[in-house]
Q: 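Attaching a single structure in structure tokens format; questions to follow.
All chains are named by letter (A, B, ...) in the order of the sequence lines, taking the proteins before the strands, and each is independently numbered beginning at 1.
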Amino acid sequence: MATDNNKFQAIISHCKEYGFIFQSSEIYDGLSAVYDYGQNGSELKRNIRDYWWRSMTQFHENIVGIDAAIFMHPTTWKASGHVDNFSDPMIDNKDSKKRYRVDHLIEAHAEKLALEGKKEQEAALLQSMDNLIAKDDFDGLKKLIEDNNIKCSISGTANWTDVRQFNLMFSTQLGSVSDEANEIYLRPETAQGIFVNFLNVQKTGRMKIPFGIAQVGKAFRNEIVARQFIFRMREFEQMEMQFFVRPGTQKEWYEYWKAERMKWHHSLGISPDKYRFHDHVKLAFYADAACDIEYDFPIGFKEVEGIHSRTDHDLSRHQEYSKKKMQYFDTEINQNYIPYVIETSIGLDRTVLMVLSEAYVEEDLSTEDKKDSRVVLKFPAKLAPIKLAVLPLTKKDGLPEIAREIMDGCKKSFRCFYEEKDTIGKRYRRMDALGTPFCVTVDHQTKEDNTVTIRYRDSMQQERIPIAEISRIINEAIDQ
RNA sequence: GCGGAAGUAGCUCAAUUGGUAGAGCGAUAGCCUUCCAAGCUAUAGGUUGCGGGUUCGAUCCUCGUCUUCCGCUCCA
């Protein structure tokens, strides 16, 4: 791995070759920025998801989980601000390649007219623009730009593309009759499923503030450019937790969750110097504090998780649009209020990529006589797709039968893999490439004293242990 | 989305200046019975990304398209 970019490419190839991640619909040339998880990738992903879920809902007594539908009432997205903020008519200047939001471009020109004292022209321009935007008349908008001879500030030309709508939300029809009234969106984030269920969960769970609601699920964004493997996909999975707190305490809970989430990342066995916080300077309209946890991917430091202090923005908006009171009565202070929210939102696919990036190692094992190397995925045992490989040293002499018995004893508690083909060294290396932390080998001595050789993935060390100990050793490693 | 480059077996690559493709690794089956891949034998696997055009004939030339990579752009 000469450069980090080579390492990234190597990881992508490895993922395909060993059944972790395939491009979607590959036999039909693939679908851009959509990927499928294979037999090993789906296990890895599920293990990460389960670990996060347990960390939230099991280790914290005041956090419960839900699973909301992907389809939601269209008003949800008006209330959340996605309808207004997630779709804008855009236009590109062909010479400078610069893309503008049409309204920004025209407003800038109107401002210029105002400065030149042409107040009437300014008003007329803005009026025309508002009319056209309200009608979604993109051809009209382009004509307006051309008629006013609006130029790109960089290239100074008026060589424009057509006006196009970039709607980051996917839409579809609910019901079989196509009708605009039935248009609904695939959720662009999972958070809103939590907010609209806030009262349901709080009341039925008798939850007392502060408390959290966790959720794992798919979200969809029609990204203009989606690239970099599974880092940015159009269909992706989020693991989110919204933590409801008393107004005024959000700052301390924000700090609490920053620290708590960073601890979780370190518990994956990843070194702290691979992480950094990136504080948002320009805050979104709904936030009073926000930061990202960034991991040092082979392609550089990139966001894995976001922690946002969302104030009471979401619940207030839903209260406004639904006319339902999104309030909580706090018996400690005898007050009704709309809770403030701290959000932790981590991309599951990005976490998979992070774990893969961290685990992937090419090792040079050459000695003086022999060149040798291996590719090994050093997953934490709890995340490994396969925990144990059971390998009879040979296919004869009753060794496979003993190995099968070990398999039967272990496969109820964790995922095992049986293999009798090829030399033992080759089988070890195959397991390294899948990230299997333990291999046990049944040999002739096993028949005499019921012991096997256990071989550790990372150190490649071996030791002799009784068959009865296998299960305990591996379960302990998984629990760490 | 724009510009540039690329696409040949699961992977890494070769080949024909236009005459319809080979190797290594890998896979499968068998031999060997071996505690850290690359011993032996056999087998499978490619309408050379896809679709048109030029041509007697296209993997090669040409157009379109899809996908990927790099840069720009975008990412409430």
Q: Please state whether the base of B:C36 and the side chain of A:R374 form at least one donor-acceptor pair under 3.5 Å?
A: no
Q: Touch check for A:A433, heavy atoms < 4.0 angstrom, all strands: base, sugar-phosphate only, or nothing?
A: nothing
Q: Determine whether any donor atom in the side chain of A:E17 lies under 3.5 Å from an acceptor atom in the base of B:C11, or the reverse, and answer yes or no.
A: no
Q: Would A:F170 and A:Y185 count as a ring-ring contact (aromatic ring centres under 6.0 Å, His included) if you check the C-alpha gap in whole Å, the side-chain angles of each, and the deciding distance to 0.1 Å?
A: CA-CA 6 Å; A:F170 286 96; A:Y185 297 106; over 10 Å; no
Q: Is it the case that B:C36 (base atoms only) and A:R427 (side chain only) share a donor and an acceptor within less than 3.5 Å, ignoring hydrogens and angles?
A: no
Q: Using 30° and 60° as the class boundaries, would you call the ring planes of A:H280 and A:H278 parallel, tilted or perpendicular?
A: tilted
Q: Starting at atom CD of A:E420, determine the distance to atom P of B:G30, rounded to an integer number of angstrom.
A: 9 Å
Q: Ignoring hydrogens and angles, tell me if any N or O in the side chain of A:R187 forms a donor-acceptor pair with the backbone of A:F71 under 3.5 Å.
A: no
Q: Between A:Y321 and A:K78, is there a cation-pi geometry (under 6.0 Å to ring centre, at most 45° from the normal)?
A: no
Q: Base, sugar-phosphate, or nothing for A:L393, non-hydrogen atoms under 4.0 angstrom?
A: base
Q: For the base of B:C35, is there a side-chain donor-acceptor partner from A:T453 under 3.5 Å away?
A: yes
Q: Measure from the side chain of A:Y428, starting at C-beta and using heavy atoms only, and say which of B:C35, B:A76, B:A27 lies closest.
A: B:C35
Q: How many whole angstroms separate atom CD of A:E343 from atom P of B:A76?
A: 13 Å
Q: Base, sugar-phosphate, or nothing: which does A:D443 touch, judged by heavy atoms less than 4.0 Å apart?
A: base
Q: Side-chain donor or acceptor of A:S80 under 3.5 Å from a matching atom on the base of B:A76?
A: no
Q: Assess A:R404 against A:Y418: is NZ or CZ under 6.0 Å from the centre of the six-membered ring, and within 45 degrees of the ring's axis?
A: yes
Q: Between B:C35, B:A37, B:C69, which nucleotide has the shortest distance from any of its atoms to the side chain of A:T423?
A: B:A37
Q: Pick base, sugar-phosphate or nothing for A:Q23, based on heavy-atom distances below 4.0 Å to the nucleic acid.
A: sugar-phosphate
Q: Just call it for A:D397: base, sugar-phosphate, or nothing, with non-hydrogen atoms closer than 4.0 Å on any strand.
A: nothing
Q: Check every atom of B:A38, B:A27, B:G30 against the side chain of A:D372 and return the nucleotide holding the closest atom.
A: B:A38
